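One structure is given below, encoded as structure tokens.
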Amino acid sequence: MAEAPQQQEQQQQQQEEDEEEEQLSSVEETEADEESEEEAKESVHTTPTRPLLSMRSMSMVDPNDDSPNMIVFRKIEDIVTLIQDEEEGVPIRTVKSFMTKIPSVVTGTDIVQWLMKNLAIEDPAEAMHIGSLIAAQGYFFPISDHVLSLKDDGTFYRFQAPYFWPSNCWEPENTDYAIYLCKRTMQNKTRLELADYEAENLARLQRAFARKWEFIYMQAEAQVKIDRKKDKTERKILDSQERAFWDVHRPVPGCVNTTEMDIRKCRRMKNPHRVKKSVYGLVEEGTQSQSPIHTPSHHCRKGTKEDVEKEILFLNTQIDRHRMKMSKVAESLISYTDQYMDYDQFVTAQEPANPWTSDDPSLWELEASKEPSQQRVKKWGFSLEEALKDPAGQELFLKFLESEFSSENLRFWLAVQDMKRRPQQDVAQRAEDIWAEFLAEGAPSSINLDSHSYERTSQNLKDPGRYSYEDAQDHIYKLMKSDSYTRFLRSNVYQDLLMAKKKPETEQGRRTSLEKFTRSVGKSLTGKRLTGLMQSS
Amino acid sequence: MGEMEELRKEMENLKDQITAARKTFQDSTLQEAAAGVTVVGRVQLKTRKTLRGHLAKIYAMHWGTDSTLCVSASQDGKLIVWDTITTNKVNAIPLKSSWVMTCAYAPSGNLVACGGLDNMCSIYNLKGKDGNVKVMRELAAHTGYLSCCRFLSDTEIITSSGDCTCVLWDIETGTQKTVFAGHQGDAMSLGVSPDFKFFISGACDFTAKLWDIREAECRQTFGGHESDINAIGFFPNGNAVITGSDDATCKLYDLRADQELLTYQDSSIMCGVTSLAPSKSGRLLLAGHDDFNVNIWDMLKAERVGVLAGHDNRVSCIGVSTDGMACCTGSWDSFLKIWN
């Protein structure tokens with residue numbers, strides 16, 4: 001891991017002293033494994049200056065780390081590394097401004113343009129979105145603002161030092177923050193003046209750390225001393241990077257705190273509650289109170305021998321399982337979406353008006369009414385499930401079945417559905433009642449079960465439970481679906497309702513006559529069937 | 001040690017066999033089959049209502065079956081039932097534990113449930129005699145946080161937990177009826193099939209599992225994600241499963257083909273999926289992300305057809321109402337928004 005900045009500074013300082021007197025903007029590099037340094041000559045005008053940057057072009061995140069934040073950091077770091085690349089990246093320059101030089105900056109527009117080009121994004125809004133995400137995590141920041149957002153204009157941005165990258169799992173303590181704010185008050189620079197909220201924070205910390213304050217003050221002084229020895233330009237860069245770090249971890253009131261973690265993921269985060277490292281190299285003393293988020297370490301479940309054995313058993317059942325061809329499955333999905341697209345508000349605006357814009361509740365009144373719209377009636381034709389889902393559809397289907405003297409099937413099915421939702425203590429009684437009504441010898445609403453299901457069911461009834469009638473229910477449902485339901489859709493009662501609310505048009509006239517024809521054919525057929533039934537009974 | 005290695009080898013071998021078996025049914029892809037389907041075009045939903053009232057991050061929301069009421073849970077320790085048309089709060093229920101992670105509305109509309117770091121699922125009766133909403137049951141047995149819960153009826157509820165299991169409870173007696181164990185990581189989310197016979201669960205072991213409620217066993221397992229599955233739901237016809245993961249992708253798995261049909265991903269989407277909901281027809285998929293946006297996908301063509309950008313912090317939950325008329329999003333910014 002990277003060392004604390006002040007130690008690196010000291011080494012560098014040595015090197016500087018050994019070299020000739022010259023305005024050098026020395027560039028530091030931090031690396032996960034080793035330290036190396038690179039220097040770049042800086043001229044007065046616009047020579048590219050490389051900011052603190054890892055030598056490696058890959059993210060510093062362990063590629064095997066698959067915890068949620070790390071995945072995102074890895075992606076961002078790949079982008080951030082590339083965007084600073086000498087050849088492929090944005091030109092990072094020193095800008096002359098009034099009396100000073102602003103080292104190592106790019107403009108917001110530069111960033112947005114680069115993102116659009118290199119991430120193949122057509123919509124600038126999308127590039128802004130990604131850029132804002134990266135900025136919010138502090139990977140680059142506006143040099144003159146605490147608020148970490150991206151603007152598509154000439155605003156200057158600087159890249160963050162890898163030392164401060166979020167992937168290092170910083171959870172800086174308030175002691176560090178106090179040291180930071182304190183040292184800023186010690187230096188007499190306008191750019192280091194505390195913002196209002198920072199002054200408030202400092203006051204709060206002074207009260208909280210009243211006993212420790214001498215220690216904190218000393219640490220702040222030590223930091224200031226080290227900082228003073230650094231090159232002026234470098235100091236500017238480092239100060240801004242340090243500030244951006246704190247903007248992430250102690251954001252401006254009202255800004256989103258991007259370090260907040262989903263409490264469900266907390267304990268699986270890298271370094272969840274081990275000793276927190278200090279930004280300024282302080283050794284932790286004493287214990288910190290754990291926040292409720294950091295619950296005791298839940299050992300990540302690695303498969304035990306038993307788990308693997310169970311998995312093997314399961315996998316064995318899966319090898320030869322029945323599978324359908326992708327083409328068939330795809331067709332089924334496509335036809336389903338096609339059928340329901342007319343009912344999908346997000347694709348087809350539904351009538352009557354949208355209740356959330358018009359404050360007109362007639363949509364639901366219509367849905368709930370006993371006189372269903374044609375659209376609603378049409379849906380009953382999609383599947384038996386749809387017909388039964390709608391109380392009006394269910395009622396109509398029941399009426400139809402009554403006319404065919406087979407309503408006991410649906411009534412049985414509904415009774416079992418109801419029983420399954422009853423409280424446990426009522427189930428046994430209901431099961432008995434259903435048996436008496438539908439299945440017993442001489443039952444008033446005798447249903448027709450195949451002998452196999454009948455046997456199974458009577459067995460189940462010896463110890464009645466919620467699923468006692470599952471087989472019987474499935475059997476009856478299949479019967480209704482393949483037999484009664486198809487006839488229902490062709491029946492007068494259904495067809496009449498389906499045709500009922502049509503708008504008068506010439507086209508309709510033509511259609512209606514065709515319908516009349518089919519209805520009359522259907523009628524004659526039904527007529528024949530009905531007579532047949534009556535005769536047999 | 002050698003035995004363990006051998007077992008793992010056997011397991012991997014079986015997995016390869018299954019992959020090979022699945023491949024033999026890949027005579028086409030969904031995208032190919034949908035090539036001739038008319039494009040949906042840009043989908044632009046607008047915020048119709050903003051539900052204000054929570055004081056902290058919203059972690060979960062769930063629509064009631066009547067399509068105008070919904071319940072939301074926030075870390076301010078409140079469960080709020082909203083009338084989404086008027087934006088009035090029908091109920092504001094104070095919770096014992098503020099670390100709530102999930103909430104659910106019973107199909108009957110009589111009960112709501114919630115749970116979180118307290119490892120319990122608390123059931124509240126909205127239609128109590130004196131009009132006060134009280135805790136009806138506290139279902140306690142999980143050894144990890146409660147990540148999700150869904151009612152089967154007023155008498156049964158299914159929960160998923162950070163202890164890697166899912167449980168079917170009898171609400172009357174407050175007891176566990178069935179424990180569904182098998183996941184090797186926190187179970188993060190669950191969904192019940194339209195016929196109430198099955199449910200699916202997504203977990204931090206990167207897999208989704210289909211469970212037979214009656215037989216109390218796992219019927220199918222689907223893999224392919226590269227990180228935690230945070231959200232899961234059934235395709236409206238009940239024959240396919242949609243998952244959303246921290247790897248920033250969503251996937252569609254078909255139950256009858258027993259494999260993945262499509263992955264919904266885009267290189268410019270970097271943040272994990274927190275929540276998802278299909279539109280009524282299943283043509284569209286709405287996915288909420290950590291980057292504050294909701295992405296809308298054409299499910300058949302795997303193309304992004306819209307973005308909902310209205311929240312100032314993570315979108316933590318999303319739901320499409322039962323009749324498909326509106327979508328509700330909940331966020332860490334403490335607001336819920338109704339879109340259509």
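We name chains A, B, ... by the order of the sequence lines, and we start the count at 1 in each one. Values in this document were obtained by computation on a predicted structure and should not be read as measured data.
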Query raised in the report: If you count heavy-atom pairs under 4.5 Å with chain B, which of His129(A), Lys328(A), Met341(A) comes out on top?
Result: His129(A)
Query raised in the report: Which bit of Tyr467(A) comes within less than 4.5 Å of chain B, counting heavy atoms only: side chain, backbone, both or neither?
Result: both
Query raised in the report: Tell me, side chain or backbone of Val320(B) under 4.5 Å from chain A's heavy atoms, or both, or neither?
Result: side chain
Query raised in the report: Taking side chain as C-beta onward, heavy atoms only, is Val308(A) less than 4.5 Å from Arg8(B)?
Result: yes
Report summary line: Nearest heavy-atom contact between Asn230(B) and Met188(B) is OD1-CE, 3.7 Å
Query raised in the report: For Trp339(B), is it the side chain, the backbone, both, or neither that has a heavy atom closer than 4.5 Å to a heavy atom of chain A?
Result: backbone
Query - Contacting moiety of Leu133(A), where chain B heavy atoms sit under 4.5 Å - result: side chain
Query raised in the report: Closest heavy-atom contact between Gln259(B) and Arg22(B)?
Result: NE2-O, 2.9 Å
Query raised in the report: Where does Thr274(B) contact chain A at under 4.5 Å (heavy atoms): side chain, backbone, both or neither?
Result: neither
Query raised in the report: Non-hydrogen atoms of chain A under 4.5 Å away: do they reach the side chain of Ile171(B), the backbone, both or neither?
Result: neither
**Report entry** Engaged part of Asn340(B) at the chain A interface, taking heavy atoms whose separation is under 4.5 Å
**Finding:** both
Query raised in the report: At a heavy-atom separation under 4.5 Å, does Ile79(A) approach chain B through its side chain, its backbone, both, or neither?
Result: side chain
Report task. Tell me, for Leu45(B) versus chain A, whether the close heavy atoms (under 4.5 Å) come from the side chain, the backbone, both or neither. Result -> side chain
Requested in this report: Under 4.5 Å heavy-atom distance to chain A, tell me which part of Thr19(B) shows up: side chain, backbone, both or neither.
Outcome: neither
Query - Under 4.5 Å from a heavy atom of chain A, the part of Arg219(B) involved - result: backbone
Query raised in the report: In terms of heavy-atom proximity below 4.5 Å to chain A, should Phe196(B) be classed as side chain, backbone, both, or neither?
Result: neither
Query raised in the report: Side chain, backbone, both or neither: which part of Leu7(B) has an atom under 4.5 Å from a heavy atom of chain A?
Result: both
Query raised in the report: In terms of ring plane angle, is the pair His225(B) and Tyr253(B) parallel, tilted or perpendicular, where the classes change at 30° and 60°?
Result: perpendicular
Query raised in the report: By a 4.5 Å heavy-atom criterion (distance strictly below it), what part of Lys197(B) contacts chain A: side chain, backbone, both, or neither?
Result: side chain
Query raised in the report: Where does Glu215(B) contact chain A at under 4.5 Å (heavy atoms): side chain, backbone, both or neither?
Result: neither
Query raised in the report: Using non-hydrogen atoms only, which part of Gln424(A) is less than 4.5 Å away from chain B: side chain, backbone, both, or neither?
Result: both
**Report entry** Heavy-atom contact with chain B under 4.5 Å, split by part of Lys310(A)
**Finding:** neither
Report summary line: Under 4.5 Å to a heavy atom of chain A? For Leu300(B) that would be side chain
Report summary line: If one checks every heavy atom of Glu331(A) against chain B at 4.5 Å, the contacting part turns out to be neither
Query raised in the report: Where on Asp254(B) is there a heavy atom nearer than 4.5 Å to chain A: the side chain, the backbone, both, or neither?
Result: side chain
